[in-house]
Amino acid sequence: MAEQIKAVRGTRDITPDEVYKWHYVESAARKVFEKFGFREIRTPIFEHTELFVKGTGEITDIVQKEMYTFEDKGGRSLTLRPEGTPPVVRSYLENNLFVDIPVNKFYYIAPMFRYERPQAGRYRQHMQLGVESIGSPSPAADAELMSMYWHFITELNIKEVKLSMNNVGCGNADCRPNYVEHLKSYAKENIDSLCDTCKDRLERNPLRMLDCKVEGCSEIFKKGPKILDHLCQECNKHLKLVKSYMERLEIPYEMNPFLVRGLDYYTRTVFEVTATGLGAQDAIAGGGRYDNLVEQLGGKPTPALGFGCGLDRLIATMEAQNTRFPDPPGIDVYLVSVGEEGVSRILEISYLLRRKGISAEIGLEDRSLRSQMKTANKLGAKYVIIIGEEEIEKGVASLKNMQDGHQETVDMQMLGSTMEDKLRISHR
RNA sequence: GUGAGUGUAGCUCAACGGUAGAGCAUCAGAUUGUGGAUCUGGUGGUUGGGGGUUCGAGACCCCUCACUCACCCCA
């Protein structure tokens with residue numbers, strides 16, 4: 001035997017036994033999102049590398065060490081998309097989608113690629129359900145987005161989720177930059193007690209020191225300056241309104257002043273949803289406002305916000321919580337034949353039934369009746385149609401109800417309509 | 001990128017350095033044309049791959065690949 005080629009590290013197959021769960025979650029998402037006025041957008045799976053360097057941010061981990069970047073035969077540097085926001089903004093600008101309506105709302109269900117070491121809930125290719133709302137500065141848009149996600153996971157019956165929220169301010173001199181100076185001088189006062197990563201972050205990306213998990217560091221920053229105390233007036237007002245809307249919508253959330261997301265472009269509202277049963281990688285969704293990104297990517301100054309939700313983790317959560325999925329689709333009829341003439345008959349009948357919208361499966365191997373019945377049972381067929389020499393001679397078919405075991409004889413000509421009647425009743 | 005653990009049949013796992021096994025699944029039969037329960041039998045493996053130690057390696061050593069978990073970070 002030739003050597004087996006296996007799936008690439010960090011990737012996996014979703015086999016037919018699993019895929020119905022994905023269909024369920026995806027169609028729930030489409031239903032919910034479309035009710036909230038979001039429309040699907042599909043962008044290419046790869047982009048010019050520059051889009052992510054500029055959009056996601058040069059100093060992010062994603063860009064610095066996690067991108068699948070390659071050169072194509074034309075010498076272009078391309079990158080498999082590691083996240084969905086920059087491509088959607090690019091598409092929004094490229095297609096001039098802003099001309100029709102002031103606020104554009106998009107969603108996508110698409111694979112993302114990051115070169116990371118795989119572990120529980122982390123893959124090199126993972127499916128992300130993403131949403132972007134471009135054009136509105138209103139805090140109501142923030143609340144709308146979070147409430148939509150909340151509704152979505154409620155619909156799926158996901159339990160034990162926590163929505164954490166923060167406001168990381170804006171670029172005005174009296175807002176985040178001012179806070180960062182405070183934070184830096186505070187960190188310098190305590191520099192001897194900080195871990196090496198934090199020392200490094202102090203210059204490169206000071207905000208990220210806040211969510212350091214090293215105990216000593218988190219203790220220090222708990223006592224340090226908080227962004228929420230240093231927001232400019234506008235950001236403060238925004239935060240206040242978002243909170244009041246969330247309360248009015250009765251969406252439970254927690255303020256977490258240490259929540260800082262790994263992407264550069266966030267302004268003001270950021271949030272993260274965590275779930276139980278996942279191990280260390282427990283974030284099932286994360287997002288926030290990015291009011292400067294559209295301009296950064298060459299558009300006019302346009303406020304925007306969005307989030308991403310990892311479907312692999314979402315489904316893993318549901319499995320860990322024993323969430324009920326709808327039953328996997330079974331088949332209506334299994335057709336069994338005896339003898340060569342029987343095979344040609346069941347092929348013909350199955351084609352007829354299938355065209356009537358009935359799901360039918362046929363046994364094509366030359367096996368004993370008993371074996372074929374076993375297969376029918378295993379596939380969960382509601383009915384079995386048996387066509388052998390006796391039936392052919394009489395021009396009939398034997399029809400067996402697999403639930404109650406009752407068997408009857410049906411005129412071959414009447415099979416189509418009989419099956420339609422029976423299945424209409426049992427579907428009710 | 002760092003650290004730890006694990007790779008034996010489709011799945012879950014055994015086998016003191018000495019003939020590679022069990023349960024489940026699968027296939028067939030018991031039932032010459034009838035599923036689920038029971039019983040009987042069969043198929044199925046270059047022990048992840050490569051090298052080394054040894055009279056002899058699934059086991060010990062080295063390399064490599066993969067998986068798992070954690071760090072980092074993220075969904």
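Predicted model only: the values in this text are computed from it and were never measured. The chains referred to below are lettered A, B, ... by the order of the sequence lines, with proteins before strands, and numbering in each begins at 1.
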Can you tell me how far P of A66(B) sits from CZ of Arg124(A), to the nearest Å? 8 Å

Suppose we call a contact any N or O donor and acceptor under 3.5 Å apart; does that hold for the side chain of Arg122(A) and the base of C69(B)? no

Would you check if there is a donor-acceptor pair between the side chains of Ser91(A) and Thr43(A) at a distance under 3.5 Å? no

Rounded to whole Å, the CD-C1' distance (Glu116(A) to C69(B)) equals 15 Å

Counting the benzene-type ring for Trp, do Tyr265(A) and Tyr290(A) have ring centres under 6.0 Å apart? yes

Residue-phosphate contact under 4.0 Å: Ser368(A) side-chain N/O, G29(B) OP1/OP2: yes

N or O in side chain of Arg370(A) less than 4.0 angstrom from G29(B) OP1/OP2: no

Nearest listed nucleotide, side chain of Ile386(A), among U34(B), C69(B), U2(B): U34(B)

Do Gln64(A) side-chain and G1(B) base share a donor-acceptor contact under 3.5 Å? no

Can you find a side chain N or O atom of Lys65(A) that sits less than 4.0 Å from OP1 or OP2 on U2(B)? no

When Ala285(A) and Ala7(A) are each assigned the nearest nucleotide of RNA chain B, the 5'-most assignment goes to Ala7(A)

Close approaches to RNA chain B from residues 404-413 of chain A, in residue order (heavy atom, under 4.0 Å): Gly405(A), Gln407(A)

Verify the contact: side-chain N or O of Arg208(A) to OP1 or OP2 of C74(B), cut-off strictly under 4.0 Å; return yes or no. yes

Is there a side-chain polar atom (N or O) of Gln119(A) under 4.0 Å from OP1 or OP2 of A70(B)? yes

Roughly how many Å is it from CG in Asp61(A) to P in G1(B), rounded to a whole number? 14 Å

By nearest-heavy-atom nucleotide on RNA chain B, the more 5' of Asp282(A) and Met373(A) is Met373(A)

Length of the line joining Arg367(A):CZ and G29(B):C1', which is rounded to integer Å: 14 Å

Lys374(A) NZ to U34(B) C1': how many Å, rounded? 12 Å

Grab the CG-P distance between Leu259(A) and C74(B) for me, whole Å please. 10 Å

